[in-house]
Amino acid sequence: MRRNRIVCVVGPTACHKTEFSISLAERVNGEIISADSVQVYLGMDIGSAKPTLEERRGIPHHMLDCVPIDTPEFSVSQYRSMATSAIMDVLLRGKTAIVVGGSGLYVNALTYPLGFAVPKDEEARKSMEALYDHNPNAAYARLAMIDLETASRLHQNDRKRIVRALEVFECSGKPLSSYGGDFQNTGGGEALFEPLLFGLNMDRALLYKRIDLRVDQMLARGLVEEARKIYGQGYSRNLPAMQSIGYRQLFRVFDGGTTLEQATEQIKLDTRHFAKRQLTWFRRDPRIRWQDVGDYEAIRNDYLLESSELTKRWMDEKE
RNA sequence: GCCUCGGUAGCUCAGUUGGUAGAGCAAGGGACUGAAAAUCCCUGUGUCGGUGGUUCGACUCCACUCUGAGGCA
């Protein structure tokens, strides 16, 4: 059986991924599947740079507005299962599936056979968190005893991952590492896709300038009002969605803890840090074909021509 | 014109009785399997404002000088 082929567009935030992927979709009869951990939330539009209907130019988009902000259980695994159905649907209709987004783990969940362990268990997690907070060294030592492989991979201070690894063992009696190791191993057994990966990037200084500019644009488009509306719902700040950049900093302004000016600077800084982490993630992926889009307007047409040709060949290739 | 306090890493500043410097932030690199826009790790050579002097040796003392802030006239 022929493997299912898809196209992915990745790269740091503010790198023209949205515009490029929509233009590409127009040329290759494609539909977009977002791979963005914040755009899945209903009501988080401006701050997540979710493409507007106008920007989408009639191209169908999937994996946007999938869950309400107060879902505590949305996860990579859930993303994978929902996105997989969306992609299958697109492919069955004979169209090209274009996965676009900056959440590297989400892209890998679709393009590598990652084997996820047991789902999050609130009880187990709470007790493992308590264990870690009470004595981090003991918690780490315990992990080393039940799962040396995972323990040696993690730093003692990595509370989140140590707690998760302990939680998995607590719930399943099996070490996390037994569920499928690195990106080379199989173990998931779920639907996977073979990707053609386009990576967009630009000079770091230029990227940071664009980020600053885009944050100002978001504010001009009404980010404060959007955040205030969410703030007014009184959701728990511990919800993953509530920690998104652009929102969590504004919540502090509403709390009276800081000024809008300071929050704006913080949003810019946090976004730059985020972009840097995204690059660290994507740079190690040898499958990506990188393109410098520092002067996007100038290269746009040539690059679209080239990448749409590549895409067509990729999708038509028989095995 | 005089007095006082400053001028040390991109920024804010430490620097002990003289032995050629170190924190936070920024910046750079890395990790990443059900919270991933999260979480975590690693990386500090800079004419110590300038010139000259004392000294075996000066960011540290002295002189002159440039420069910033404040005060007194």
Side-chain angles (χ1 to χ4, degrees), chain A residues 12-14 34-41 44 47-50 67 69 71-82 101-122 124-126 128-129 132 136 140 147 149-150 152-165 167-168 171-172 175-188 190 204-205 207-208 211 214-215 218 236-250 265-285:
Chain A
T13 189
S34 166
D36 186 298
S37 65
V38 179
Q39 291 183 1
V40 295
Y41 293 108
M44 291 184 142
S48 71
K50 196 179 290 174
V67 287
I69 289 166
T71 13
E73 73 270 18
F74 194 80
S75 64
V76 210
S77 168
Q78 193 167 341
Y79 171 81
R80 177 165 71 175
S81 102
M82 290 171 76
S103 299
L105 180 58
Y106 284 16
V107 174
N108 281 2
L110 294 172
T111 60
Y112 281 113
L114 303 187
F116 290 113
V118 293
K120 171 184 180 183
D121 182 281
E122 203 62 54
R125 182 163 303 187
K126 281 222 169 75
M128 291 305 113
E129 278 173 349
Y132 183 92
Y140 186 75
D147 187 353
E149 192 179 330
T150 300
S152 54
R153 223 186 72 218
L154 301 178
H155 189 277
Q156 282 207 38
N157 294 351
D158 203 341
R159 176 181 190 266
K160 195 177 268 197
R161 293 198 171 79
I162 290 171
V163 167
R164 169 63 183 161
E167 169 196 329
V168 167
C171 294
S172 67
L176 177 62
S177 57
S178 73
Y179 284 93
D182 52 37
F183 293 132
Q184 311 307 322
N185 291 338
T186 52
E190 290 177 44
R204 190 67 61 89
L207 176 64
Y208 285 0
I211 286 172
R214 195 168 72 162
V215 170
M218 285 176 174
S236 160
R237 294 291 174 81
N238 297 324
L239 291 165
M242 296 295 278
Q243 286 161 35
S244 308
I245 296 172
Y247 297 94
R248 65 163 193 262
Q249 296 87 348
L250 288 174
E265 286 314 301
Q266 196 61 50
I267 292 170
K268 290 174 180 175
L269 183 61
D270 289 345
T271 307
R272 284 185 238 129
H273 287 164
F274 170 51
K276 186 174 176 294
R277 268 177 275 132
Q278 287 178 300
L279 279 167
T280 298
W281 180 284
F282 291 124
R283 264 190 304 225
R284 78 169 168 188
D285 191 335

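Each chain gets a letter, A, B and so on, in the order the sequences are listed, and its residues count up from 1. Note that the structure is predicted; figures quoted are calculated from it, not measured.
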Quote, to the nearest angstrom, the [atom1] distance that separates [N] from [M].
| N | M | atom1 | answer |
| --- | --- | --- | --- |
| C2(B) | G28(B) | C1' | 49 Å |
| C13(B) | U20(B) | P | 26 Å |
| G50(B) | C66(B) | P | 15 Å |
| C72(B) | G15(B) | P | 28 Å |
| G18(B) | C62(B) | P | 11 Å |
| C56(B) | U51(B) | P | 22 Å |
| G6(B) | C59(B) | C1' | 14 Å |
| U45(B) | G10(B) | C1' | 15 Å |

Checklist entry - Passes side-chain hydrogen bond (donor to acceptor under 3.5 Å, both in side chains), D36(A) versus S103(A)? Steps please. => result CA-CA 5 Å; D36(A) 186 298; S103(A) 299; 4.9 Å; no
Next on the checklist: Using every non-hydrogen atom in the two residues, find where P240(A) and Y41(A) come nearest and quote the distance to one decimal.
Outcome noted: CB-OH, 3.9 Å
Checklist entry - Using 4.0 Å as the upper bound for N to carboxylate O, is an ion pair formed by D270(A) and R248(A)? => result yes
Item to check | Salt-bridge present (K126(A), E129(A); N to O < 4.0 Å) | outcome: no
Indicate whether OP1 or OP2 belonging to [N] is found under 4.0 Å from a side-chain N or O atom of [X].
| X | N | result |
| --- | --- | --- |
| Y106(A) | A36(B) | yes |
| R80(A) | G34(B) | no |
| S75(A) | A35(B) | no |
| H273(A) | A27(B) | yes |

Give one of base, sugar-phosphate or nothing for [X], where a contact means two heavy atoms less than 4.0 Å apart.
| X | answer |
| --- | --- |
| S103(A) | sugar-phosphate |
| G104(A) | nothing |
| V76(A) | sugar-phosphate |
| S48(A) | base |
| E129(A) | base |
| L239(A) | nothing |
| Y208(A) | sugar-phosphate |

Checklist entry - Would you call the rings of Y79(A) and Y106(A) parallel, tilted or perpendicular if under 30° counts as parallel and over 60° as perpendicular? => result parallel
Set out, line by line, the N/O atom pairs under 3.5 Å between protein and nucleotides 39-41 of chain B.
from, atom 1, to, atom 2, distance (Å)
U39(B), O4', K160(A), NZ, 3.4
U39(B), O2', D158(A), OD1, 3.2
U39(B), O2, R161(A), NH1, 2.8
C41(B), OP1, N157(A), ND2, 2.6

Checklist entry - Can you find a heavy atom in the side chain of D285(A) that is under 4.5 Å from one in the side chain of Y112(A)? => result yes
Checklist entry - Less than 4.5 Å apart, any side-chain heavy atom of L250(A) and any of I267(A)? => result yes
Next on the checklist: Return whichever of L279(A) or G246(A) has its heavy-atom-nearest nucleotide of RNA chain B closer to the 5' end.
Outcome noted: L279(A)
Checklist outcome for this item: Note: for F274(A) and R164(A) on RNA chain B, the residue whose nearest nucleotide lies more 5' is R164(A)
Checklist entry - Have R161(A) and T150(A) got a donor and an acceptor in their side chains that come within less than 3.5 Å? => result no
